[in-house]
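These figures come from a predicted structure and were not determined experimentally. Below, chain A is the first sequence line, B the second, and so on; all start at residue 1.
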Amino acid sequence: MDESLKKDVNIDLDVLRHSTSHLMAQAVKELFPEVKVAIGPAIENGFYYDFDYPPGFTDNDLVKIEERMKEIVKKDIPIERKVLKKNEALDMFRNAGETYKLELIEAIDEDEVSIYKQGDFTDLCRGPHLSSTGKVGAFKLLNLAGAYWRGDEKNKMLTRIYGTAFQDEKSLDAYLQFLEEVKRRDHRRLGKELELFSIYDEVGAGLVVYHPKGAMLRYLLEDFERKEHLKRGYQFVVGPHILKLEMWKKSGHFDNYRDNMYFTKIDDIDYGIKPMNCLSHIMVYKSVIRSYRELPLRYFELGTVARHEKSGVLHGLMRVREFTQDDAHIFLRQDQLHEEILNIINFVRDTMKIFDFEYEMEISTRPDKFIGTIEDWDKAEGILKEVLIDEGIPFDVNEGDGAFYGPKIDIKLKDAIGRKWQCATIQCDFALPERFDLHYVDSDGKRKRPVMLHRVILGALERFMGVLIEHYGGKFPVWLSPVQVIIMNITDEQDAYVKSIYQSLVDKGIRTELDTRNEKLSMKIREGVVKKVPYMVIAGKKEMNSNTLTVRMRDGNELKDVRLDDFIERIQVDNISRR
RNA sequence: GCCCGCGUAGCUCAGUCGGAAGAGCACUUCCUUGGUAAGGAAGUGGUCACCGGUUCAAUUCCGGUCGUGGGCUCCA
């Protein structure tokens, strides 16, 4: 499809959704006249409207509201735009008791504002809108949620109703089916079904316990990481989990990140549990005098950090309180920045390709809480932009969203069903080298200040695993499958035969399970399918007599009369080529 | 942290408008040796999240705590 055309379709859909949101507000006002309306825009996959209604709505109310909306659609009420002076509009909404609208109008800079009227319902709105309520397409109200007025937790909590709308029933159904698919792929559900991990009340919220299959997946990712980092000139370092509070004061974490940290005391000395890995890496750098010749120094650690996340944001593996980052800190000269950032971007690119992710980049600039000088910040932001522009990589800018010590490039990867996740990030830091008085001896014999890059590729292993589980829908490629092969016999006559096959595979490092239970083959296959194991090896009388295997693959296709050596080679090729 | 919902067996879920707690799967045992998504039978298993209150009686009603789900806010 032509891009411009596609865009038009999107604009139309936005208008449709926005008008559906107004339609919902009209229905709500008719059913619950005491409700005050707040704000109701179109969003990525639908729309919402925030209402101030202290008793709150129930799921039952949603059904009623939806019915009333359909009635209003049938009446095909014209939607009319009017332009009013601000004062007139203020009077109007004041008389109607719509206090939230007053706040919105007061925030508008112009002299005039537009309002949209449909029947007895009038709303402040820039528009545009459909010409009448009958033009609204297929819609469905989805869920209720609390939302702060204007997104600020100091404000009152309103009730938000989310819905979605499309031009026709077919598109709506397709979207609802997509939501079902999202549920099927949910890593929390698959995590249980595939016995990957648990989060126990008894252990604590946001704390992950890996079961054997999940631990294997994690081990495979870690192994991958170590190999890839060694290839790219990184050195491994390992730091402690707790460091003296003094260190965190010096680094600025205590002032800027304290709310997210845990603290403890040992022999009357205060310690902080690390929320980031940088401090130990800085100590390694400082341990001897550094020459300009040895830069960049790249220190890598699968570093486990603990952060106090608010209880309401915890979510499966995606948001936890203790997680392990594939973290590295690179110490380098300013003249090396461009090239090194490019190296990291290439690292990200290569990695994302292996996992079949597309991605987008975003630059985040100086936040309100920051350390260092504005000049350094501007310099760092400039270099990040320059690299992306030079490489022709498109990016968005996220103003004020940088880390407290430096601006960053965030990489948002896109999974198999089009959702975006933030994993990799590259952060440029002039501040910590200053605070810890880092230096190197330059070619002219003078001491100079190095720059630090903080970066992760997969990000947090927990989150990355969560994303991977959903991305693959639990069907991991062979190289990442916790169990690559299940061998099943048909009767116990073949016990010795399948055991010898099992041993041969295990000897080659192939992750294999043996199913010699007293069950029918169909039962064993069913369980193999449910567990999403890539290869099922069937060995009955026939195979035993011809000394071959029958291999049933995850897609249901079958390889017959396979020689054991060929099968082993096939899996080894899968492993090496990361398929 | 805040708003709303939810918490019953290992899992998925019924159920009790207050009066001795149920199913399917899983697990154990027995029968069955069966060629591509559930063979049969019997059995084990629950302080109904936790703490408190109301009541003759609470898994059920009320309050609190913890956990969890959808969001807000925040972030890897």
Does [X] make a side-chain donor-acceptor contact with the base of [N], cut-off 3.5 Å?
X	N	value
A/Q494	B/G35	no
A/R307	B/C75	no
A/E309	B/A76	yes
A/E558	B/U36	yes
A/R160	B/C4	no

How far does the [atom1] atom of [N] sit from the matching atom of [M], given to the nearest Å?
N	M	atom1	result
B/A58	B/A42	C1'	35 Å
B/C56	B/G71	P	46 Å
B/A9	B/G15	C1'	14 Å
B/C4	B/G64	P	11 Å
B/A20	B/C3	P	38 Å
B/G24	B/U36	C1'	25 Å

- Item | Ion pair check, A/E358 and A/R419, cut-off under 4.0 Å |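 Answer for the salt bridge query: no.
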
- Query: Under a 4.0 Å N-O cut-off, is there an ion pair linking A/D186 with A/K183?
  - Reply: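 A salt bridge is absent here (no side-chain N lies under 4.0 Å from a carboxylate O).
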
Indicate, with a heavy-atom threshold strictly under 4.0 Å, whether [X] touches base, sugar-phosphate, or nothing.
X	value
A/F57	nothing
A/V305	nothing
A/S311	base
A/G151	sugar-phosphate
A/K192	sugar-phosphate

Pairing partner of [N] (Watson-Crick or G-U wobble, both distances under 3.5 Å):
N	result
B/G34	none
B/G63	B/C51
B/A76	none
B/A57	none
B/C2	B/G71
B/C17	none
B/G43	B/C27

- Task: Applying salt bridge (Lys or Arg N to Asp or Glu O under 4.0 Å) between A/K420 and each of A/E362, A/E44, A/E360, report the one that passes.
- Result: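 Looking at A/E362, A/E44, A/E360, the match for A/K420 under the salt bridge (Lys or Arg N to Asp or Glu O under 4.0 Å) is A/E360.
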
- Task: Please answer whether B/A76 and A/F323 are stacked, defined here as ring centres separated by less than 5.5 Å and planes angled under 30°.
- Result: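 Aromatic stack with B/A76 present for A/F323.
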
- Item | Within 6.0 Å of CD in A/E103, more than 12 heavy atoms from elsewhere |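 Yes, CD of A/E103 has more than 12 neighbouring heavy atoms, counting only those of other groups under 6.0 Å.
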
